[in-house]
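Being a predicted model, the structure only gives us computed values, none of them experimental.
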Amino acid sequence: MSDILLSEKIGPAFYNIAHDIFHHEHTHYDFSGGRGSLKSSTVSVLVPLLLINNPGTHALVLRKVANTIRDSVYAQYIWAIGELGMAAYWEAKVSPMELIYKPTGQKIMFRGADDPMKIKSIKVPFGYIAVTHFEEKDQFAGRAEIRNILQSTMRGGSKYWNFESYNPPISRDNWANKDSLEERPDRLCHKSTYLEAPKEWLGEQFLAEAEHLKEVDERAYQHEYLGVPVGNGGNVFENIELREITDDEISHFDRIYQGVDWGYFPDPFAFIRLYYDKTRETIYLIDEIYQNKLSNAESSEMIKAKGYTDAYIICDSAEPKSIADFRAAGLPAKAAVKGPDSVSYGIKWLQRRKIVIDRKRTPNAYNEFVNYEYDTDRDGNFISGYPDENNHLLDCTRYAVEPISRRMGVIA
């Protein structure tokens, strides 16, 4: 494909990067940026072209969790092939998930890192895996996990390209942010934003949403749209995995936990529904209610309308009358036990678990968990203790898992 035609498929911010890639001036490429920065779409356009220009090579595209691939990075690559006008030359398969270039049989394979043995056992019909793409790099456990995968794939060939794309986590101390600051001669780190993308590619509504957020919450805008790690390094929860939770996943959740934090105004009524995977020590936030000026009758009806009468609702014990109202309405409500140091105990227990958050399902829980930071003294030094603000759904989560955490202990 000519440079002129390629320039129509990738944003101007990536013109020089594409030249670097096709001339193999580096092996590792680190792409970071906020929403609309075109980093992932650019990689998905370049990878098929790399294979075509390098016969005998294949590509492996990875996400941390396999069941998130089909509707995300796999769909992205199919879109890219269509944009390149090459759809007729590629065969799309889903079992296993891969794209096959018909003229040569070269493959773009898609796998999840949650089953490392399947990655190690990958065999290609000829040649070698020359290209890897780690989508949502920050969702991987760390540099060691990515390095272990590359040790399995970077063998048997003469040259390689490794792409790592991600939205920078909010905390500057997150491993992915710190990793991108480490210099190595064979890696090129590139950051882009939506401001460098052609406006017509993003659309008026995208730009309007960005400007609105900039007006109402500059800090959130800096992080979400400009990819700036605006956290001060004092994030209480560093074990958050931000990704889609699919309906198929939820259909397999066999033990549900629920919690309520009472509020009316200005504090909201808050309700959380979650699943806890004991084997993997992972919490999945499934749904929430977060609203001001709800009476007990109204909030109980909202919960029943969602069909959430299938599991106990552990409630803040400070309002026994409200708990009685819920029970009278037919909800399986119970009072949290709490006790001395229950806040610290519950938060420490949560810190030792992975917390999976789908922003579309639980947007307010996302805001609370991601932005929850340790208190500081007047000099800005972190101190022990947890702030008692903007933590309503966090409290709900503590209450919901209390039956497990009390039974297992904080160091379980």
Side-chain angles (χ1 to χ4, degrees), residues 21-22 24 26-31 40 42-82 84 86-137 139-166 186-187 243 246 248-249 279-280:
I21 290 168
F22 286 115
H24 198 249
H26 294 82
T27 296
H28 300 276
Y29 294 88
D30 183 287
F31 288 174
S40 296
T42 296
V43 178
S44 66
V45 166
L46 297 179
V47 168
L49 296 178
L50 274 177
L51 296 193
I52 293 172
N53 289 334
N54 293 272
T57 65
H58 306 270
L60 175 62
V61 182
L62 301 115
R63 284 202 65 173
K64 176 63 177 176
V65 180
N67 60 18
T68 63
I69 290 176
R70 184 167 184 175
D71 295 329
S72 59
V73 67
Y74 179 70
Q76 178 77 57
Y77 271 76
I78 290 179
W79 166 86
I81 288 170
L84 291 169
M86 297 180 178
Y89 297 95
W90 290 84
E91 176 188 358
K93 296 176 60 179
V94 294
S95 185
M97 204 168 297
E98 55 189 27
L99 300 172
I100 304 174
Y101 186 52
K102 296 178 183 178
T104 62
Q106 290 170 274
K107 294 183 177 183
I108 303 175
M109 300 166 287
F110 300 82
R111 299 291 187 273
D114 47 353
D115 193 346
M117 293 308 297
K118 286 188 177 180
I119 296 175
K120 290 183 179 180
S121 63
I122 288 178
K123 297 292 188 294
V124 291
F126 57 88
Y128 67 101
I129 299 173
V131 182
T132 45
H133 176 197
F134 292 84
E135 171 71 337
E136 304 294 356
K137 158 189 164 179
Q139 301 300 329
F140 290 81
R143 174 50 55 189
E145 182 175 25
I146 292 177
R147 183 172 61 247
N148 288 339
I149 293 172
L150 292 177
Q151 288 169 350
S152 297
T153 59
M154 285 185 164
R155 56 178 64 178
S158 57
K159 55 183 178 179
Y160 299 88
W161 293 264
N162 175 50
F163 299 97
E164 298 170 16
S165 55
Y166 74 107
D186 61 347
R187 179 169 73 167
R243 67 168 177 83
T246 66
D248 181 64
E249 280 184 278
T279 302
R280 297 173 178 81

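Counting only N and O atoms by type, the side chains of Ser40 and Glu135 include a donor and acceptor under 3.5 Å apart. Side-chain contact, Asn162 with Thr132: a donor N or O sits under 3.5 Å from an acceptor N or O.
The stretch residues 53-77 participates, sequence neighbours left out, in these salt bridge (charged side-chain N to carboxylate O under 4.0 Å, His left out) pairs: Lys64-Glu145. The salt bridge (charged side-chain N to carboxylate O under 4.0 Å, His left out) analysis of residues 103-114, with sequence neighbours excluded, yields the pairs Glu98-Lys107.
Taking CZ of Phe110 as the start and OG of Ser72 as the end, the distance is 9.5 Å to the nearest 0.5 Å. Here the OG1 atom belonging to Thr57 is positioned 4.5 Å from the CG atom belonging to Leu51, to the nearest 0.5 angstrom.
Residues Ala59 and Val47 share a closest heavy-atom pair of CB-CG1, 3.7 Å. The two residues Ile119 and Gly112 come nearest to each other via the heavy atoms CD1-O, 3.8 Å. When all heavy atoms of Ile149 and Ala113 are compared, the pair lying nearest together is CD1-CB, 4.1 Å.
Not one N or O on the side chain of Trp161 forms a donor-acceptor pair closer than 3.5 Å with the backbone of His24. Between the side chain of Tyr160 and the backbone N or O of Arg155, at least one donor-acceptor pair lies under 3.5 Å. Side-chain atoms of Glu249 come within 3.5 Å of backbone N or O of Thr246 as a donor-acceptor pair. Although no hydrogens or angles enter the test, the distance criterion places no donor-acceptor pair under 3.5 Å between the side chain of Gln106 and the main chain of Leu99. In terms of modelled atom types and a separation under 3.5 Å, the side chain of Tyr128 and the main chain of Lys159 share a donor-acceptor contact.
Taking the side chain as every heavy atom from C-beta outward, Phe163 and Leu50 approach each other to under 4.5 Å. At a threshold of 4.5 Å between non-hydrogen side-chain atoms, the residues Phe22 and Asn54 do not count as touching. Using a 4.5 Å cut-off on side-chain heavy atoms (C-beta onward), Asp30 and Glu164 make contact. Taking 4.5 Å as the limit, every side-chain heavy atom of Pro48 sits out of range of all side-chain heavy atoms of Tyr101.
The local environment of NZ in Lys102 is crowded, with over 12 non-hydrogen atoms from other residues, nucleotides or ligands closer than 6.0 Å.
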Worksheet entry | Ile129 and Met154: CA distance, side-chain angles, deciding distance, side-chain contact (heavy atoms from CB on, under 4.5 Å) verdict | CA-CA 7 Å; Ile129 299 173; Met154 285 185 164; over 6 Å; no

Discussion item. As a quick check of understanding, evaluate side-chain contact (heavy atoms from CB on, under 4.5 Å) for Tyr74 and Val61, giving each step before the final call.
Written reply: CA-CA 9 Å; Tyr74 179 70; Val61 182; over 6 Å; no

Practice prompt. List the steps and the verdict of side-chain contact (heavy atoms from CB on, under 4.5 Å) for Leu62 and Leu60.
Written response: CA-CA 6 Å; Leu62 301 115; Leu60 175 62; 3.9 Å; yes

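Not counting sequence neighbours, the partners of Phe31 by the ring-ring contact (aromatic ring centres under 6.0 Å, His included) test are Phe14, His190. For Phe126, the ring-ring contact (aromatic ring centres under 6.0 Å, His included) test picks out His58, with sequence neighbours left out. By the ring-ring contact (aromatic ring centres under 6.0 Å, His included) test, Phe134 is found to be paired with Phe140, residues two or more places apart in sequence or in another chain being considered.
The side chain to side chain donor-acceptor pair (under 3.5 Å) test with Ser165 is passed by exactly one of Lys137, His133, Glu136: His133.
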In a table with atom names and distances, give each donor-acceptor pair under 3.5 Å that connects a side chain of residues 86-97 to protein atoms at least two apart or in another chain.
none

